[in-house]
Novice: 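One structure follows; several queries about it will come next.
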Protein chains: 2
Amino acid sequence: MAQSDTVDRILDAAEELFAERGFSETSLRMITSKAKVNLAAVNYHFGSKNSLIHAVFARFLTPFSATLELAFDELDERTGKQPATLEQTLWALTVSAVRMPQRTEKGISIFMRLLGLAYTQSQGHLRKFLEQEYSQPFGRFMNLLKEATPELSSVDRYWRIQFMLGATAFTMSSSDALIDILENKLGVETTVQEIAARLVPFLAAGMEAPEKMLTLPSVSGASVA
Amino acid sequence: MAQSDTVDRILDAAEELFAERGFSETSLRMITSKAKVNLAAVNYHFGSKNSLIHAVFARFLTPFSATLELAFDELDERTGKQPATLEQTLWALTVSAVRMPQRTEKGISIFMRLLGLAYTQSQGHLRKFLEQEYSQPFGRFMNLLKEATPELSSVDRYWRIQFMLGATAFTMSSSDALIDILENKLGVETTVQEIAARLVPFLAAGMEAPEKMLTLPSVSGASVA
DNA sequence: ATCTGTTTGAAACATACGTTTGAAGGTGGC
DNA sequence: GCCACCTTCAAACGTATGTTTCAAACAGAT
């Protein structure tokens with residue numbers, strides 16, 4: 001029980017601290033002291049701080065991508081020959097994320113926040129690692145989106161997918177703070193699951209909006225259709 | 001020409017590096033060497049690295065918030081007693097951002113990326129600084145949004161505003177990379193202005209989506225409406 | 001009980017950071 | 001010309017970081 005204990009304690013502490021403070025802002029000493037583990041243990045078990053970051057992601061991303069593949073399989077089966085709808089596709093993704101086996105009660109929000117950080121804090125090594133490890137389910141998701149929105153031009157689809165990713169990553173990456181603000185302002189308590197459930201209709205509606213292109217006034221005289 | 005030259009050179013270099021790499025990942029030595037300025041100049045002219053970050057934001061946020069107030073004034077005048085529509089409000093914001101006097105051609109994307117970072121890299125001091133300096137135009141924008149979406153519950157409006165902010169900040173903050181990817185994939189060239197023009201209909205549609213709340217399956221049996 | 005390979009521990013290493021110092025340059029006013 | 005002030009410069013300071021070292025502790029097998 002020696003090894004796995006130390007390794008897991010490091011992963012737990014690192015996961016939480018990374019989610020709270022970001023990668024650069026979290027030192028190995030913070031991690032090891034929170035994990036009640038010797039400083040050298042990180043480099044012994046993981047080799048480097050960057051590899052530790054990869055390990056933190058792999059620990060939840062690998063089961064997640066497996067769950068996701070199953071959900072997509074199930075979706076393919078259910079819809080048969082005709083393509084899945086946009087809401088079905090988004091919902092499959094959401095359900096997979098929410099259903100993930102959680103280590104702690106904050107598991108899901110840590111998960112989301114880390115994904116957001118991965119996208120935002122453009123750490124080159126992390127992006128490379130994620131791309132080469134999890135490109136398959138990602139590509140499959142993209143294909144489903146394409147089939148679900150045949151009326152969109154490729155260019156519009158491309159940008160709207162970015163908008164979706166942004167809305168999701170951004171909101172989820174600050175979900176804790178945003179939940180607190182809402183509680184203080186309106187006295188409403190919220191879970192990450194509820195946020196996800198609100199997000200899906202928003203994204204689907206934006207994705208399926210008519211393709212009217214507005215043109216920007218070049219200098220003056222702002223008028224709106 | 002001595003003082004202003006050094007100060008501006010520092011601000012230019014800092015702005016670009018912060019946008020590229022984030023705050024913690026950018027050292028004063030990188031900034032001063034890019035600006036071809038002595039290391040001590042930053043602490044001499046700005047006092048500290050944090051104050052430099054504030055100065056970088058103030059330099060573009062102050063004129064922007066002035067432009068924005070004017071755009072909102074104009075909008076109020078044009079719509080008279082009845083509230084502005086959602087698209088009008090978003091459009092006023094977009095036009096103000098795009099019309100900002102640019103120092104460089106990349107000005108607008110740097111501007112967006114920094115705003116995104118400010119939201120994401122939860123640097124306590126930055127958030128505090130922005131809140132107390134620019135709360136007025138922000139609050140005014142929020143009020144316009146509220147008037148434009150009277151059918152939304154407060155909670156839904158709150159979350160959908162976060163979704164909008166996320167889609168915008170995220171996309172704009174990576175706009176350079178995303179534009180490159182699109183060019184390589186589909187051979188289409190894009191400007192930041194075009195992205196903004198595509199963003200507005202997406203956001204408006206998402207904001208005005210019907211408020212159906214989907215419920216998440218707790219354990220198994222994923223079925224979608 | 002002893003040996004072997006693995007894991008922990010305290011300490012040190014080299015490096016990078018933000019900041020401070022004090023002298024040297026430069027500039028305008030008198 | 002001299003003085004006062006502002007700005008630049010090279011160097012150093014103290015601290016924090018990721019990583020390495022090597023001896024001690026431990027575990028399981030023989």
Side-chain angles (χ1 to χ4, degrees), chain A residues 1-59 117-118 121-129, chain B residues 1-59 117-118 121-129:
Chain A
M1 189 177 297
Q3 186 234 7
S4 75
D5 196 43
T6 299
V7 169
D8 285 342
R9 293 243 300 275
I10 293 175
L11 285 173
D12 288 341
E15 181 178 86
E16 201 161 329
L17 286 171
F18 285 153
E20 267 174 26
R21 326 177 19 102
F23 305 112
S24 309
E25 292 81 0
T26 302
S27 71
L28 292 184
R29 283 167 177 81
M30 292 178 194
I31 294 171
T32 53
S33 88
K34 174 171 186 133
K36 296 204 174 75
V37 150
N38 188 275
L39 169 62
V42 170
N43 288 280
Y44 176 74
H45 287 288
F46 297 95
S48 69
K49 184 181 180 182
N50 279 354
S51 303
L52 170 61
I53 296 177
H54 297 173
V56 166
F57 275 88
R59 184 167 66 149
L117 286 182
Q121 313 220 154
S122 52
Q123 305 244 9
H125 67 96
L126 220 193
R127 187 163 287 204
K128 221 166 284 177
F129 170 78
Chain B
M1 189 179 299
Q3 186 234 8
S4 74
D5 196 42
T6 299
V7 168
D8 286 341
R9 294 243 299 275
I10 292 175
L11 285 173
D12 288 340
E15 181 177 86
E16 202 161 329
L17 286 171
F18 285 154
E20 266 173 28
R21 326 176 21 100
F23 305 112
S24 308
E25 292 80 2
T26 302
S27 71
L28 292 185
R29 284 167 175 83
M30 292 178 196
I31 295 171
T32 53
S33 88
K34 174 171 185 131
K36 296 203 173 77
V37 152
N38 188 274
L39 169 63
V42 169
N43 287 281
Y44 175 76
H45 287 288
F46 297 94
S48 70
K49 184 182 178 180
N50 279 354
S51 302
L52 170 61
I53 296 176
H54 297 173
V56 166
F57 275 87
R59 186 168 65 150
L117 286 181
Q121 314 223 152
S122 53
Q123 306 245 7
H125 67 96
L126 220 192
R127 188 164 286 205
K128 221 166 283 177
F129 170 78

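Chain A is the first sequence line, chain B the second, and so forth, proteins listed ahead of strands; every chain is numbered from 1. Both backbone and side-chain heavy atoms feed into the values below; hydrogens, waters and symmetry mates do not.
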Novice: To the nearest angstrom, how far is A:N38 atom CG from C:dT8 atom P?
Specialist: 9 Å
Novice: To check you understand the geometry: which heavy-atom pair defines the closest contact between A:F18 and A:L117, and what is its length?
Specialist: O-CD1, 3.3 Å
Novice: How would you list, by chain and number, every residue that makes a side-chain contact (heavy atoms from CB on, under 4.5 Å) with B:L28, sequence neighbours excluded?
Specialist: B:I31, B:L39, B:V42, B:N43, B:K49, B:L52
Novice: Please find the pair of heavy atoms, one from A:N50 and one from A:H125, that lie closest to each other, and give the distance.
Specialist: OD1-NE2, 3.2 Å
Novice: What are the two closest heavy atoms between B:F46 and B:S51, and how far apart are they?
Specialist: O-CB, 3.1 Å
Novice: Strictly under 3.5 Å: I want the nitrogen or oxygen pairs between protein and nucleotides 16-20 of chain C, one per line.
Specialist:
| residue | atom | partner | partner atom | Å |
| --- | --- | --- | --- | --- |
| C:dC17 | OP1 | B:S27 | OG | 3.2 |
| C:dG18 | OP1 | B:K49 | NZ | 2.8 |
| C:dG18 | OP2 | B:L28 | N | 2.8 |
| C:dG18 | N7 | B:R29 | NH1 | 2.8 |
| C:dG18 | O6 | B:R29 | NH2 | 2.9 |
| C:dT19 | OP2 | B:N43 | OD1 | 3.3 |
| C:dT19 | OP2 | B:K49 | N | 2.9 |

Novice: Whole-Å distance between C:dT8 P and A:K36 NZ?
Specialist: 16 Å
Novice: In Å, rounded to the nearest 0.5 Å, how long is the span from CG of B:D12 to CZ of B:R59?
Specialist: 4.5 Å
Novice: Could you work out, with side-chain contact (heavy atoms from CB on, under 4.5 Å) as the rule, every residue matching B:A41, not counting sequence neighbours?
Specialist: B:T6, B:I10, B:V37, B:H45
Novice: Is any side-chain nitrogen or oxygen of A:H45 closer than 4.0 Å to OP1 or OP2 of C:dT6?
Specialist: no
Novice: Rounding to a whole Å, what distance do you find between A:E25:CD and D:dG18:P?
Specialist: 11 Å
Novice: Figure out the CD1/P separation between A:I10 and C:dG9, and round it to whole Å.
Specialist: 11 Å
